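See structure below.
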There are 2 protein chains.
Amino acid sequence: MTFMTSPSFRPLYKQIKELLLDGLRGGEWRPGDAIPSEIELAARYRVSQGTVRKAIDELAADNLLVRRQGKGTFVASHGEPQVRFRFLRLAPDAGGPVAAERKLLDFRRARASAETARLLELRTGDSMIVLTRLLLFSGDPVVLEEVWLPAGLFRGLTASAITEHKGALYNLFETQYGTRMVRAEEKLKARSADDETAKLLALEPGHALLEVERLSYTYGDRPVEWRRGLYKTDRHFYRSELG
Amino acid sequence: MTFMTSPSFRPLYKQIKELLLDGLRGGEWRPGDAIPSEIELAARYRVSQGTVRKAIDELAADNLLVRRQGKGTFVASHGEPQVRFRFLRLAPDAGGPVAAERKLLDFRRARASAETARLLELRTGDSMIVLTRLLLFSGDPVVLEEVWLPAGLFRGLTASAITEHKGALYNLFETQYGTRMVRAEEKLKARSADDETAKLLALEPGHALLEVERLSYTYGDRPVEWRRGLYKTDRHFYRSELG
DNA sequence: GAGTGGTCTAGACCACTAG
DNA sequence: TAGTGGTCTAGACCACTCC
């Protein structure tokens, strides 16, 4: 199976990668599952093991799969602790563990504004779920954030499901609603606290806060969540790496 | 050449990678140069082309090398326009090109504080170069930053060399002083403008600003620059990607 | 056409994990 | 010991660039 006749040439391993992505999107293998072995996949797709390998390499580089020598290749999951820190970029000035307490302040339904609809590729007025929550570190309120989700993707999501869930929101989403957040883009600005925010974050109005807007994507670059967070950066900072 | 006898097994391609890194560190190939072809390197190191290939793959993934099909493999350089946006994460709210004007406000020598010395792995009191500059976008001052450099690495650096140089500072550093910035870590906080900053950024004192501290590294994870920037985020935002 | 990186294959063998 | 991913090789051929 070695046909590549230009023009518009598409490498075999890229095609295999697409097939594997289809399996991930379609739920054939779910977060935490092992996918078939390289030899098995090579036989299934009638290509050499090396070609499957290269496809998997790229998916692993994209953080969609995790290879474990001797054990197999697994679908990446927000259940693994190290993954959480890829999405929560806040770290304490003084080292030490980050044990966050989450307090759900509000849970409601709303209609998508023109702007929200545009970002999430929905129609204006589409039904959405909005939740407001507070993150506290050792009792100190540090993050106030609002999360917007398309209601269609999270049918049956309730406030108590969130408060009772242990672990990250993204873990709940992937285990209960089959939506895995794969990557996100954030836009940061500095902003002064308004009265209500100041009260919730236990600081004076006008205090400088870090505003973080996040658009999260699932497989295939489909946007499925929008967040706006206000971070108190008195004893924490946002870490960014420039490669 | 296929000896790998555990324990403390180190793959051949990792060793080749180290050898290539030595060449980069030592200046055998300079930014913009082509390195020898894969076949040539395979012959030099007595390994197969595939092994060299894997070493180069990793260096390319680290943004140290750039592959160009049909032409060769080149040492990454800050001269290429697309690289600049890997380090300047500020983008305008309304799209459009980012043409920044740079104004050097101050150029002086100083001694490393204990904190600076710790970060840059120097000794307290070591000689340093400090420059303060303003970045303007379409005439509007947006970034005020202070850059700390070990004087030993940048002998002969003058204010006029900086003001006369076209292109990014990092481009000047790599072409004139042989120090290429490979990656950086940034810590972000929100902060209120003090009187002097407010004046320079044309805003009122107390205005919320984004504070960005950057530690930049050259080959081999050696820290060689520390920066502190204050960003006006009224019409610009800092972009971050969570993989 | 010559030279470069890019793809694909087939096979051998090593390192790691688990039963 | 069997099965998995990881390394390494040798060789064939393709795509791209430049002369």
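The analysis underlying the following values was restricted to heavy atoms, covering all of them including side chains, and did not include hydrogens, waters or symmetry mates. Being a predicted model, the structure only gives us computed values, none of them experimental. Just so we're on the same page: letters track the sequence lines, and every chain starts at 1.
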Under the side chain to side chain contact (heavy atoms under 4.5 Å, CB included) test, which residues partner [X], sequence neighbours left out?
X: B:Ala117; value: B:Ala112, B:Leu122, B:Thr124
X: B:Glu58; value: B:Tyr13, B:Lys14, B:Lys17
X: A:Glu115; value: A:Ser113, A:Arg118, A:Leu119
X: A:Thr233; value: A:Leu210, A:Tyr231, B:Lys189, B:Ala190

Q) Listed by chain and number, what are the salt bridge (charged side-chain N to carboxylate O under 4.0 Å, His left out) partners of A:Arg235, not counting sequence neighbours? A)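 If we apply the salt bridge (charged side-chain N to carboxylate O under 4.0 Å, His left out) test to A:Arg235, skipping adjacent residues, the hits are A:Asp140.
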Q. Partners of B:Glu28 by salt bridge (charged side-chain N to carboxylate O under 4.0 Å, His left out), sequence neighbours excluded?
A.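 Expected list: B:Arg44.
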Q. Where does DNA chain C pair, written as one dot-bracket string 5' to 3', with Watson-Crick or G-U pairs under 3.5 Å, ( ) inside the strand, [ ] for crossing pairs and | for another strand?
A. ||||||||||||||||||.
[atom1] of [X] versus [atom2] of [N]: gap in Å, rounded?
X: B:Ile16; N: D:dT7; atom1: CD1; atom2: P; answer: 14 Å
X: B:Lys14; N: C:dA15; atom1: NZ; atom2: C1'; answer: 15 Å
X: B:Tyr13; N: C:dC14; atom1: OH; atom2: P; answer: 18 Å
X: A:Leu41; N: C:dC8; atom1: CG; atom2: P; answer: 16 Å
X: A:Phe9; N: C:dT7; atom1: CZ; atom2: P; answer: 6 Å
X: B:Lys17; N: D:dT7; atom1: NZ; atom2: C1'; answer: 15 Å
X: B:Lys54; N: D:dT9; atom1: NZ; atom2: P; answer: 12 Å

Q: Give me the residues of residues 57-66 of chain B where at least one heavy atom lies under 4.0 Å from an atom of DNA chain D, by number, or none.
A: none
Q) What orientation do A:Trp148 and A:Trp226 show, parallel under 30°, tilted 30 to 60°, or perpendicular over 60°? A)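 Rings of A:Trp148 and A:Trp226: perpendicular, over 60°.
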Q: Name all pairs fulfilling the salt bridge (Lys or Arg N to Asp or Glu O under 4.0 Å) condition that reach into residues 161-174 of chain A, sequence neighbours left out, sorted by first residue then second.
A: A:Glu174-A:Arg180
Which pairs of donor and acceptor atoms, one on a side chain in residues 63-70 of chain A, lie under 3.5 Å apart (sequence neighbours left out)?
from, atom 1, to, atom 2, distance (Å)
A:Asn63, ND2, B:Gly243, O, 2.6
A:Arg67, NH1, A:Asp57, OD1, 2.5
A:Arg67, NH2, A:Glu38, OE2, 2.1

Q) Taking everything shown except A:Arg222 itself, do over 12 heavy atoms lie less than 6.0 Å from its CZ? A) no
N/O contacts under 3.5 Å, protein versus nucleotides 2-5 of chain C?
from, atom 1, to, atom 2, distance (Å)
C:dG3, N2, B:Gly70, O, 3.0
C:dT4, O2, B:Gly70, N, 3.4
C:dG5, OP1, B:Thr73, OG1, 3.4
C:dG5, OP2, B:Glu38, N, 3.0

Let me check something: any side-chain donor-acceptor pairs from residues 149-159 of chain A under 3.5 Å, sequence neighbours excluded? List them with distances.
from, atom 1, to, atom 2, distance (Å)
A:Thr158, OG1, A:Ser160, OG, 3.4
A:Thr158, OG1, A:Ala161, N, 3.1

